[in-house]
Asks: 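Following this message is one structure expressed as structure tokens.
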There are 2 protein chains.
Amino acid sequence: MYPKPEIPPGTLDMLVLKTLARFGPMHGYGVAKSILQTSDDVLRVEEGSLYPALQRILRKGWVTADWVAAGPKRRARVYHLTREGRKQLDAELSEYRRVASAIERVIQPA
Amino acid sequence: MYPKPEIPPGTLDMLVLKTLARFGPMHGYGVAKSILQTSDDVLRVEEGSLYPALQRILRKGWVTADWVAAGPKRRARVYHLTREGRKQLDAELSEYRRVASAIERVIQPA
DNA sequence: TTTGGATACATAGGCTATCTGTGCATAGAT
DNA sequence: ATCTATGCACAGATAGCCTATGTATCCAAA
């Protein structure tokens, strides 16, 4: 078992893409914070999960990334959802809901 | 990505235990068929997933297993949920719902 | 009558995705 | 001064399901 499988395998990309869709372009750290807050502190995306995920969806063309100044001597990378990313998000959302509702049918009754 | 992550990682034990709780003792093949039907053909538990899962939860004491005759020359193993298994099921159900509702909060809004 | 599909169990090995641990670096608070 | 937060990134470990394979019985269709 995962020690604390806060992020169910297979859902991370969806959560990241959805967050960018909701709140617009933001940097990686902001995405993690946003997911944590929106989920009421349940979904804690570790950095070791977040950045590989961002690299992955960047390579797939679902987001673009721009370096911006985040202070006098600091840099941050702002991620922007692409049209492809939006399509991917929609696909992942409907697949997630399809499976989630199937699980509900199995576990619903007392 | 999983090719077809029909069974989200981490949910298999819960689905098996729940099925035994709902329909009473049954053999492995029956569990898989029941999950498939209850989920409207969405959750297809492969045999290579099912039997290792049953072995695992058997070793953990969540079920007991009895060999019975399934025909003149056939044998089948009937699994029976234990009290420990019932407790484990309740724990997994509440954890699943906790995380699932957190995900809903993130993906819910348009 | 023979072929295929469903029933029924089980294991070995591979794959995928997340997490842990680590590293670098700046900024603000205690 | 030290801790926490911000901010990026990678390597390796771990966990869990799937594919492929093997054995064996039963029944229906061609």
Asks: Can you pull every protein N or O that's under 3.5 Å from an N or O on nucleotides 22-24 of chain D?
Replies:
none

Asks: Rounded to the Å, how far apart are B:Y51 OH and C:dA8 P?
Replies: 8 Å
Asks: Measure from CG on A:D66 to C1' on D:dC8 and round the result to the nearest Å.
Replies: 15 Å
Asks: Quick one: which of C:dT18, C:dA6, D:dA9 gets closest to the side chain of B:Y29?
Replies: C:dA6
Asks: Is B:G10 touching bases, backbone alone, or none of the nucleic acid, heavy atoms closer than 4.0 Å?
Replies: sugar-phosphate
Asks: Taking all atoms of both residues into account, what is the closest heavy-atom pair of A:E6 and A:P8, and its distance?
Replies: O-CD, 3.2 Å
Asks: Within less than 4.0 Å of OP1 or OP2 of D:dC17, is there a side-chain N or O belonging to B:R44?
Replies: no
Asks: Have a look at B:L12 and say if it touches a base, only the backbone sugar-phosphate, or nothing, with a 4.0 Å heavy-atom cut-off.
Replies: sugar-phosphate
Asks: Between atom CZ in A:R56 and atom C1' in C:dC15, what is the gap in whole Å?
Replies: 14 Å
Asks: Whether B:E84 and B:K87 form a salt bridge (side-chain N of Lys/Arg under 4.0 Å from carboxylate O of Asp/Glu) is what I want to check.
Replies: no
Asks: Looking at A:S49 and A:V45, would you say the former's side chain and the latter's main chain have a donor-acceptor pair under 3.5 Å?
Replies: no
Asks: Go nucleotide by nucleotide along DNA chain C from the 5' end; which of B:K33 and B:Q55 gets its closest nucleotide reached first?
Replies: B:K33
Asks: Given atom CD1 of A:I103 and atom C1' of D:dC17, what is their separation to the nearest angstrom?
Replies: 13 Å
Asks: Base, sugar-phosphate, or nothing for B:G48, non-hydrogen atoms under 4.0 angstrom?
Replies: base
Asks: Can you check the A:E46 CD to D:dC8 P distance for me, whole Å?
Replies: 15 Å
Asks: What residues, two or more places apart in sequence or in another chain, satisfy side-chain contact (heavy atoms from CB on, under 4.5 Å) together with A:P52?
Replies: none
Asks: Please state whether the phosphate of D:dC26, meaning OP1 or OP2, lies under 4.0 angstrom from any side-chain nitrogen or oxygen of B:K73.
Replies: no
Asks: CE of B:M26 versus P of C:dA8: gap in Å, rounded?
Replies: 12 Å
Asks: Donor-acceptor pair, B:T38 side chain versus B:S34 backbone, under 3.5 Å?
Replies: yes
Asks: Can you confirm whether B:L43 sits close enough to A:V99 that some side-chain heavy atom of one is under 4.5 Å from a side-chain heavy atom of the other?
Replies: yes
Asks: Figure out the CD/P separation between A:Q37 and D:dA5, and round it to whole Å.
Replies: 13 Å
Asks: Would you indicate which nucleotide in D:dC17, C:dA10, D:dG7 comes nearest to any side-chain atom of B:S49?
Replies: D:dC17
Asks: Using the test side chain to side chain donor-acceptor pair (under 3.5 Å), find all partners of B:R74 that sit at least two apart in sequence or belong to another chain.
Replies: none
Asks: Whole-Å distance between D:dT6 C1' and A:L54 CG?
Replies: 15 Å
